[in-house]
Q: 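Structure incoming, see below.
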2 protein chains.
Amino acid sequence: MGAPPRKSRATIIDIARLAGVSKSTVSLVLKNSTLVKAETRERVLGAMQALGYVYNRGAANLRLARSNIVGMVISDLMNPFFTELAVGIEEALYRAGYVPLLANTGEDPERQTRVLQSIFEQGVAGIVISPSNRSDVATLLDIARAGLPIVTVTRRLAESGLPYVGQDNTAGERIAVEHLIGLGHRRIGFLGGYATMATQRERVAGYKEALSAHGIVFEPILIAESPPTRSGGGAAVKTMIDLPDPPTAAVCFNDMVAVGAIRELSRQGIRAGRDFSIVGFDDIAEAAHNAPPLTTVTGETRQLGAEAAHVLLDLIAGAPAPSAPVIGPTRLIVRESSAAPASERTRLRA
Amino acid sequence: MGAPPRKSRATIIDIARLAGVSKSTVSLVLKNSTLVKAETRERVLGAMQALGYVYNRGAANLRLARSNIVGMVISDLMNPFFTELAVGIEEALYRAGYVPLLANTGEDPERQTRVLQSIFEQGVAGIVISPSNRSDVATLLDIARAGLPIVTVTRRLAESGLPYVGQDNTAGERIAVEHLIGLGHRRIGFLGGYATMATQRERVAGYKEALSAHGIVFEPILIAESPPTRSGGGAAVKTMIDLPDPPTAAVCFNDMVAVGAIRELSRQGIRAGRDFSIVGFDDIAEAAHNAPPLTTVTGETRQLGAEAAHVLLDLIAGAPAPSAPVIGPTRLIVRESSAAPASERTRLRA
DNA sequence: AGTGATCTTTGGAACGTTCTAACGAGCAGT
DNA sequence: ACTGCTCGTTAGAACGTTCCAAAGATCACT
C-alpha cells in the first residue's frame, strides 16, 4: 500500500480545489483561525490528509520576511567541548521552534568566511558563532551591519562589539590554581593553548592572579604552549618535567590537554594524582572516566550553549543587544588527578 | 564608517533601479551569463556593491522548486562516533555546495518524528539520518513516499527498504575476536549494547562467527548487555569478572563501553592489556589516548559519513537508489589493551 | 420586509527570485 | 531598402504562502 511517489508536493491551492473552498480559507485552517466554521475546517483537513499535504515553510517565510532557521557556526566540532556546546544550542533552539543550519569550520578562518556568506544567503534569522582562531571580523561585521542578529560564544572578539556569551575563564582558572595551592603546591605550570587565543589569555590571567594572590612569583618558563589537543598536552607536559626545576603540578588549557598530559606522564612512569597533579578545564564527558578521573573546572557547557541561543532568540525577537558580555559561572570539580605534592605528604608522614 | 543597519535587504529590483536596467538583467549578471554586455555587468556589480546586496536563496529556491539544504538527523551527537560521522557528512555536503540542517534526537524516537516533520516542511533537498533506537519507520516512509530522498546511515532499518550506508559490523567484530583468539584467549566476553539495536546484533553475529570458526562454543552468559556508554561498560565488565568462571578477554559494543570497562577493571586492581584484554569498536579519538591505548576496530567513520552524503547527493541528482546497502570496510587497530592471557604468558615463560 | 450586526469566506497583491518569449538595435548581405 | 541574424535587454508569469479589504450569509430584531 501507499501512494506512488508524487512528482511534486500538493499546495494550498490543490487542497482548496479538493475541499471546494478558496486558498485563503485553507490558509486560515493552517493557522488554526477561529474564523472558519468547524465543518469547513474538517473538510479542509480531510483534503490535506488525502493529498498528503506538507506545509511549505520556505514560501511562507518569503512572504513573511522571516525564518525559523538559525546559523550555527562551530569552530571545532570534533572537540567534545564544542560538541556539547552545539548540543546545548541546538536543544534550546529546537525548544523555541528554530532549527540550526550547521557549519563546522575546523578553525579555518577562510572556510568560516565562506560558510557565513552561504548561511547569510540562506536567509537565516540569526547566527550563533564560536569564532575560529584568527577570524575575519570584517565579514561578521558586514553581516551584522546588514541587520542580522549575531551572537559570539566562547571566543570573544572584543574589537567587534558583537554580543558575547562566555564563561568566566579567569575566575575558573583562578580557583583551579588556588585548589592546587591549597593542596600545598608552590610550583605550578600552565599547559597548552597559545597566547593568540583569547580564551588562553583569559585563563592564563586567572593563573597569574592566583599565583600573585598567594605571593608566588610568576615564571614565564612554567607556561608551555601547545595545540589544544591530547597530543599537544603530552608534548607540553614533557617540556615541563624535563625542566631543571620542574613544577609539581599543572593546570591545563582544557581537558584534552590534561588527558594528553596525564597519558604522557604515565608513559614516563609518573602517576598523575600522586606524583604530579593535573587540573583540566571544561569537564568534557571523558574527564570523569579518565584514569585517574580528572579534576577540572566546568563552565556548564550545555547551559552556556542554551544561554547563547536565548540571547540570540531575544535579539531576533527585537530585544536590544545586551549591554555587557554574558558571562556564565564556573565551578571546580575535584576528582583524583590532583593531590598534595609528594614532598608535602612525606613531611606530614614524618 | 559603515552604513547604519538597513531595515530590510536590498533586492534584485533595487539593484536594477540603481543600475538603470531591468531585474532580468540583474538576474543574468547573478548567474554569470555571457549574454550581458561587460559594461552593463560592471554597472550592475557596482550597484550591488553600493547597496550591500545579498542573494536571497530562499526566493530562488521557491521559484526553482529545489533547495541546497539537506536534513542531517543524528541519534546521539554527544557520542564521539556520531560526532565524527556528522563531521564527515557535513564536510562532504559542504564540498558539494549543500548545507546541513542539524537535528540531534538524543535517541528519542518521538523527537525524531517531530524534527523529521519540521525538516521536511523546511523544503530540504534530502535527508541523511542515523535513526534512533525504536525509530518510527512510518514517518520516514511517508516522507520517502512523498518523493524526498532519504539515506539511513549506521543503523539499518531493514523493514523500510530505505537506502543504507553502514560499516561491516559483523566482519569487524569477527576480526576483533579472531585477534583475541590468536593471542591465546578461549573465553571471551561481549560487553555492552542491547539486542534491540541492529548494530549490536550484527556485532554479536561476528563474535559468534569467530568463536564457532575456532571451535569455541558460544555461552550466552558471556554476553553482558548494558547502555552503550562508559558507565554501561563499567557495569558490564563487572558482571563479567564476578562470574564463577570469568573470561580472560572481552570485545565491546563500542569504544565508550571499552573505555568504561577498562576504567572499572583498574578500579578492581585488574590491569587491562595485562590481566584482561579489551577490544573496542569505532576508534574514537579518545581510543588512542586512553590508558592503556585501546585496541579497536575502525569503520573509517568520517569516510562513512562522506559516503552517506554522496549517496544522498546522487539520489538528489536523480540517480536510482543503490540496489544494495553500501557497506564500508572495517580494520583492526592493535594497541595496548589486548595481549596474551596471563596463563599463556606463564606457560611460555616456563 | 428592512436594518444592522456578526460570521464566514474570498480575490488578489505581495514576498524575491528565474525563465520564457519577445523585442529593439545594429549590422551584413542582397 | 529590405531581409535575416546576432546581440543585449526586458516584461511578465510563476513558485506557495499570508493578509488586507471586502463581499456574502445568516441571524436577531423591529
Side-chain angles (χ1 to χ4, degrees), chain A residues 6-45 47-48 51-69 120-125 146-148, chain B residues 6-45 47-48 51-69 120-125 146-148:
Chain A
R6 321 177 36 82
K7 53 269 118 220
S8 86
R9 286 151 56 141
T11 79
I12 220 182
I13 303 201
D14 301 323
I15 307 299
R17 193 165 13 239
L18 181 58
V21 298
S22 77
K23 65 185 179 353
S24 304
T25 303
V26 179
S27 177
L28 289 175
V29 170
L30 240 24
K31 35 195 19 142
N32 271 311
S33 165
T34 56
L35 286 180
V36 344
K37 188 155 60 174
E39 184 217 341
T40 316
R41 172 190 315 280
E42 287 317 312
R43 207 145 28 91
V44 170
L45 291 175
M48 287 182 181
L51 296 187
Y53 172 75
V54 227
Y55 185 66
N56 183 332
R57 199 172 295 273
N61 286 347
L62 174 59
R63 169 63 226 247
L64 297 174
R66 63 175 168 69
S67 161
N68 67 146
I69 302 185
F120 191 19
E121 287 186 3
Q122 223 58 249
V124 297
L148 195 69
Chain B
R6 321 179 35 83
K7 52 269 121 215
S8 85
R9 287 151 56 141
T11 79
I12 220 183
I13 302 200
D14 301 325
I15 307 300
R17 194 164 15 239
L18 181 58
V21 297
S22 76
K23 64 185 178 352
S24 305
T25 302
V26 178
S27 177
L28 289 175
V29 170
L30 240 22
K31 35 196 18 145
N32 272 309
S33 164
T34 56
L35 285 179
V36 344
K37 189 154 59 174
E39 185 215 342
T40 316
R41 172 190 314 281
E42 288 316 313
R43 208 147 25 94
V44 170
L45 290 176
M48 286 181 182
L51 297 187
Y53 171 75
V54 226
Y55 185 65
N56 183 333
R57 198 172 297 272
N61 286 347
L62 175 59
R63 170 63 225 251
L64 297 174
R66 62 174 171 70
S67 162
N68 68 145
I69 302 185
F120 191 18
E121 286 186 3
Q122 222 60 248
V124 298
L148 195 68

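Just the heavy atoms: all of them, side chains too, but no hydrogens, waters or symmetry mates, feed the values below. Nothing here was measured: the structure is a model prediction, and the numbers come from that model. Lettering follows sequence order; numbering is per chain, from 1.
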Q: Give A/Val44 one of three labels, base, sugar-phosphate or nothing, depending on what nucleic acid heavy atoms sit under 4.0 Å from its own.
A: nothing
Q: Separation of B/Ile12 atom CD1 from D/dC15 atom P, in whole Å?
A: 18 Å
Q: Quick one: CD1 on B/Ile12 to OG1 on B/Thr25, what's the gap to the nearest 0.5 Å?
A: 9.5 Å
Q: Any base atoms under 4.0 Å from B/Leu64, or only sugar-phosphate, or nothing? Heavy atoms, all strands.
A: sugar-phosphate
Q: If I compare all heavy atoms of A/Ser67 with all of A/Asn61, which pair ends up nearest, and what's the gap?
A: CA-ND2, 3.6 Å
Q: Would you tabulate the side-chain donor-acceptor contacts of residues 52-60 of chain B under 3.5 Å, counting partners in other chains and residues two or more places apart, or write 'none'?
A:
from: B/Asn56; atom 1: OD1; to: B/Gly58; atom 2: N; distance (Å): 3.0
from: B/Asn56; atom 1: OD1; to: B/Ala59; atom 2: N; distance (Å): 2.9
from: B/Arg57; atom 1: NE; to: A/Glu121; atom 2: OE1; distance (Å): 3.3
from: B/Arg57; atom 1: NH2; to: A/Glu121; atom 2: OE1; distance (Å): 2.3

Q: Identify the two heavy atoms, one from A/Gln122 and one from B/Asn68, that lie closest to each other, and give their separation to 0.1 Å.
A: OE1-ND2, 3.1 Å
Q: B/Gln122 has an atom CD; how far is it from atom P of D/dG16, in whole Å?
A: 16 Å
Q: Heavy atoms only, 4.0 Å cut-off, all strands: where does A/Ala59 land among base, sugar-phosphate and nothing?
A: base
Q: Taking distance alone, no hydrogens or angles, what donor-acceptor pairs closer than 3.5 Å link side-chain atoms of residues 26-44 of chain A to residues at least two apart or in another chain?
A:
from: A/Ser33; atom 1: OG; to: A/Leu35; atom 2: N; distance (Å): 2.9
from: A/Arg41; atom 1: NH2; to: A/Ser33; atom 2: O; distance (Å): 2.8
from: A/Arg43; atom 1: NH1; to: A/Ala19; atom 2: O; distance (Å): 2.5

Q: Of the listed nucleotides (D/dG8, D/dT17, C/dG16), which one gets closest to any side-chain atom of A/Leu62?
A: C/dG16
Q: Using whole Å, report how far CG of B/Leu51 lies from C1' of C/dG16.
A: 15 Å
Q: Please report the closest heavy-atom contact between B/Ala16 and B/Lys23, naming both atoms and the distance.
A: CB-N, 3.6 Å
Q: Please state whether the phosphate of D/dC15, meaning OP1 or OP2, lies under 4.0 angstrom from any side-chain nitrogen or oxygen of A/Thr11.
A: no
Q: Please pick, from D/dT17, C/dT9, C/dT18, the nucleotide with the shortest atom-to-atom distance to any side-chain atom of A/Lys37.
A: C/dT9
Q: What is the distance, rounded to the nearest whole Å, between atom CG of B/Asn56 and atom P of D/dC15?
A: 18 Å
Q: Whole angstroms only, please: what is the CZ-C1' distance between A/Arg57 and C/dC15?
A: 17 Å
Q: Would you kindly give the CG-to-P distance between B/Asn68 and C/dT18, to the nearest whole Å?
A: 13 Å
Q: Quick check on DNA chain D: between B/Ala38 and B/Arg63, whose nearest nucleotide comes earlier from the 5' end?
A: B/Ala38
Q: Tell me, which of residues 20-32 of chain B have any heavy atom that sits under 4.0 Å from an atom in DNA chain C?
A: B/Lys23, B/Ser24, B/Ser27, B/Lys31
Q: Please tell me if the side chains of A/Asp14 and A/Arg9 come closer than 4.5 Å, counting only heavy atoms from C-beta onward.
A: no
Q: Round to a whole Å and report the spacing from CD1 of B/Ile13 to P of C/dT18.
A: 12 Å
Q: Give the rounded distance in Å between these two atoms: CG of A/Asn61 and C1' of C/dG16.
A: 13 Å
